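Order of appearance sets the numbers: ligands from 1, and atoms from 1 within every ligand. Predicted model only: the values in this text are computed from it and were never measured.
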Amino acid sequence: MKFGTFDDTRKEYVINTPKTPYPWINYLGNEQFFGLISNTAGGYTFYRDARLRRLTRYRYNNIPLDTGGRYYYLYDDGDFWTPGWMPVKRDLDFYECRHGLGYTSITGERNGISVNQLAFVPMGHNAEVHRLVVKNTGSAKKSVKLFSFAEFCLWNAQDDMTNFQRNLSTGEVEVKDSVIYHKTEYRERRNHYAFYSVNKEIAGFDTDREAFVGMYNGLESPQAVVAGEPTNSVASGWSPIGSHALNITLEPGEEQSFIFVLGYIENPEEDKWESLNVINKKPAEAMIAQFATDAQVDAALAALAAHWDNLLSKYQIQSGDEKLDRMVNIWNPYQCMVTFNMSRSASYFESGIGRGMGFRDSNQDLLGFVHQIPERAKERILDIAATQFEDGSAYHQYQPLTKKGNNEVGTGFNDDPLWLILGTAAYIKETGDTSILDEQVPFDSNPDNTATLFEHLKRSFEHVTNNLGPHGLPLIGRADWNDCLNLNCFSTEPGESFQTTANIEGRVAESVFIAGLFVFVGPDYAEICRMRGLNDVAVDAEAKIDNMKEITLTHGFDGDWFLRAYDHYGDKIGSNENEEGKIFIEPQGICVMAGIGVEDGQAEKALSSVQEHLDTDYGIVLQQPPYSKYYLNLGEISTYPPGYKENAGIFCHNNPWIMIAETVLGHGDRAFEIYAKIAPAYLEDISEIHRTEPYVYSQMIAGKDAVRHGEAKNSWLTGTAAWNYVAITQSILGIQADFNGLKIDPCIPSAWDSFEITRVFRGDTYVIQIKNPNHVSKGVASLTLDGVAVEGNIIAPVGDGAVHQVVVELG
Ligand code: BGC
Ligand code: NOJ
């Protein structure tokens with residue numbers, strides 16, 4: 001069942017009922033100021049950090065789930081309603097929500113009045129702009145009232161939800177003209193405030209929550225709206241809100257627009273005050289003046305659209321499959337950028353108060369956006385590398401505001417260092433900019449202890465070879481990619497965090513996954529060494545990589561598939577010998593991606609085993625059989641009920657590894673079959689089962705052992721976005737940035753006839769036509785650049801900034 005449709009021309013998803021199976025959200029903001037907004041106008045806003053600079057309050061896990069947002073109540077002669085349906089839930093004659101790139105437009109109509117609420121964050125501004133257009137669609141003159149509503153958060157979202165003995169006494173506001181200022185704690189150490197304005201004269205206002213809502217009402221029937229009268233309350237302690245009341249008279253067919261701005265201001269310490277206890281409002285007034293007219297709002301919307309057009313223009317496909325086109329051209333790169341902006345901080349499944357950017361997560365995320373904004377990828381790489389230690393190990397997370405490693409989570413996730421090589425290599429392949437390797441980067445954020453980024457990569461590589469276990473495979477440490485396979489944890493304390501609790505200093509448990517990752521990223525490291533003239537280092541690295549391949553085949557292969565690990569006792573995990581957890585997805589994906597066992601058939605066997613044991617109609621599950629009870633020696637993986645999350649859920653992040661692995665073996669049909677099973681646009685028709693947004697990936701879909709098989713959770717912020725983008729754009733469609741140029745190596749369903757991709761690469765634009773007259777899956781038979789035949793399948797960068805025609809024939 002569908003709950004909306006894609007509008008590809010406008011790059012929007014159009015939701016036609018407020019009663020979606022779960023709140024379907026969008027993200028506003030690209031730089032410093034962000035908002036989450038659902039299809040019923042729920043959500044919240046923050047400046048840079050969803051925990052420390054939260055502007056508006058949001059109660060996660062509320063009843064109903066998504067209650068609280070930027071609401072506009074229309075009062076019409078005793079009747080009142082909200083255009084997004086929630087929270088009033090009055091029947092609407094028309095409802096529509098359009099989620100676009102960086103904006104959301106919600107329209108509701110009832111009794112001859114239509115209200116459109118358009119929300120976005122203008123580029124270069126720390127504010128959300130909401131334009132409300134109220135229209136009289138009937139035949140009689142109407143007088144209505146509009147009430148805005150936003151509930152302020154007292155800045156620190158964690159403290160705001162816990163420290164009531166203090167917080168109920170600190171709230172302060174000011175009201176001047178049509179602007180409500182939220183200034184809690186500004187009197188002391190804060191130099192920032194929020195404001196909420198409207199560009200018309202108001203009939204009244206409320207800033208005290210209980211005065212507006214009423215002590216015994218909910219947001220579905222705020223007392224002031226029920227009465228049709230604001231109370232002009234001035235908050236003093238308790239819970240400050242912002243609500244404007246506007247009287248509107250409309251002739252038949254007439255519409256009026258109201259521009260609200262919900263913004264954030266920081267004042268210099270010496271300029272905090274206008275007079276005693278009166279805040280300096282000048283910067284707020286300056287911002288408000290920039291959005292006083294519809295023309296100004298239209299111009300800001302146009303700038304936002306241009307921003308996105310530019311980002312998306314770097315890779316565009318025309319394939320004839322509209323689902324594929326909308327994933328590749330619009331929604332997948334959009335999600336990659338949102339994931340870059342948010343890391344794992346704020347979604348409808350991440351509360352925004354769990355701190356930190358992941359070391360491995362950020363390196364993988366950048367694979368999905370490096371071609372859109374390489375400069376920011378560079379900045380991110382240097383930030384991440386600065387949290388590495390001298391021995392090559394790394395903090396698992398770092399804080400976005402301080403950029404320092406997160407002590408609470410600590411280090412010891414032994415896959416982390418290798419992802420830095422992958423991320424850096426992706427940046428160099430995209431840009432050709434090797435100067436990044438010479439940047440001086442601190443260890444442990446200590447400016448007095450630095451080395452080149454190249455030296456950091458070297459230590460990353462050597463961290464693996466310096467930490468091998470009894471079989472010569474890499475030691476797993478706290479965990480590898482699978483945070484829940486905790487082989488050194490042995491936690492018996494109820495509620496203890498598997499992620500942060502002290503582990504034993506085990507030097508036995510080994511990871512076949514890290515071995516595969518080492519062989520996968522190792523050649524990039526060796527190539528980087530060569531680029532720096534370090535031939536000996538490269539040769540030595542290659543010998544170590546070859547050796548790891550051997551060891552993986554000898555000690556990491558179980559007959560029909562790759563093993564997952566050896567545990568603390570040296571026993572096999574992910575082996576036919578195990579009763580549960582016999583086969584895992586991760587090593588099959590990464591080892592074949594690395595080319596291990598391709599020559600002698602182990603790779604083929606591993607992928608057939610995946611298909612035989614792990615495949616389902618909704619994607620490939622993480623392992624089989626699931627763990628049916630808690631295993632002390634395995635940790636968090638065995639805490640989840642069978643079929644959910646890491647315990648045999650369909651973890652969408654590593655399905656693309658299998659797609660990529662299939663392309664290594666030339667299986668284009670199978671690779672695309674897996675792609676289409678989890679790509680959200682292909683799941684639109686089963687939205688009642690899938691439940692999360694049909695325009696973005698979710699981290700997890702419940703596996704075949706779960707009660708709710710096929711149901712997704714944790715949408716938006718997941719490495720799934722980047723890896724699926726890599727799998728489809730680079731491995732299946734086959735356009736890959738490489739050190740020497742743009743490599744063309746598609747691996748597609750054999751039935752495909754042709755497709756065209758426009759790819760901007762190092763300043764030039766390549767219009768690439770790929771033809772498949774002989775209906776093969778893989779293999780470039782001929783390639784021409786501007787009509788001239790090219791040897792092999794790599795286009796050396798032309799470098800003239802012009803548009804170039806590339807014609808490729810498979811065969
Ligand atoms: C989740 C993992 C996640 C980890 C760290 C676990 O509870 O299952 O997916 O990586 O927490 O946040
Ligand atoms: C989510 C985490 O963010 C990521 O780092 C991890 O690899 C996966 N879960 C799998 O556990």
Participant: Just to confirm my output: which protein heavy-atom neighbour is closest to atom 6 (C) of ligand 1, and how far is it?
Facilitator: Glu636 OE2, 3.3 Å
Participant: For atom 8 (O) of ligand 1, which of the options Tyr640, Trp481, Phe651 provides the nearest non-hydrogen atom?
Facilitator: Tyr640
Participant: Quick check: does any side chain N or O of Asn62 sit under 3.5 Å from a backbone N or O of Leu65, one acting as donor and the other as acceptor?
Facilitator: no
Participant: Just to check, does Gln699 reach to within less than 4.0 Å of ligand 1 when the distance is taken from its heavy atoms?
Facilitator: yes
Participant: Could you list the atoms of ligand 1 found under 4.0 angstrom from a heavy atom of Asp483?
Facilitator: 3 (C), 4 (C), 5 (C), 10 (O)
Participant: Closer than 4.0 Å and a protein heavy atom, does any atom meet both conditions relative to atom 11 (O) of ligand 1?
Facilitator: yes
Participant: Of all the non-hydrogen atoms in the protein, which one sits nearest to atom 9 (O) of ligand 1, and at what distance?
Facilitator: Glu646 OE2, 2.6 Å
Participant: Check side-chain contact (heavy atoms from CB on, under 4.5 Å) between Gln736 and all other residues, then give those that pass, not counting sequence neighbours.
Facilitator: Gln730, Lys743, Asp745
Participant: For residues 338-354, which residue pairs qualify under salt bridge (charged side-chain N to carboxylate O under 4.0 Å, His left out), counting only residues two or more places apart or in two chains?
Facilitator: Arg344-Asp361, Arg344-Asp365
Participant: Using a strict 4.0 Å threshold on nitrogen-to-oxygen distance, state whether Asp558 and Lys582 make a salt bridge.
Facilitator: no
Participant: Mind checking whether Phe46 and Tyr44 have parallel, tilted or perpendicular rings, split at 30° and 60°?
Facilitator: tilted
Participant: Can Arg564 and Asp480 be counted as an ion pair, charged N to O under 4.0 angstrom?
Facilitator: yes
Participant: Can Asp415 and Arg360 be counted as an ion pair, charged N to O under 4.0 angstrom?
Facilitator: yes
Participant: State which residue, out of Thr411, Thr387, Asn407, fulfils the side-chain hydrogen bond (donor to acceptor under 3.5 Å, both in side chains) condition with Tyr395.
Facilitator: Asn407
Participant: Taking only distance into account, with no hydrogens and no angle test, what donor-acceptor pairs under 3.5 Å do side-chain atoms of residues 27-34 form with protein atoms, sequence neighbours excluded?
Facilitator:
from, atom 1, to, atom 2, distance (Å)
Tyr27, OH, Ala346, O, 2.7
Glu31, OE1, Gly124, N, 2.8

Participant: Tell me, which residues have any heavy atom less than 4.0 Å from some atom of ligand 2?
Facilitator: Arg344, Arg360, Asp361, Trp481, Asn482, Asp483, Glu646, Phe651, Gln699
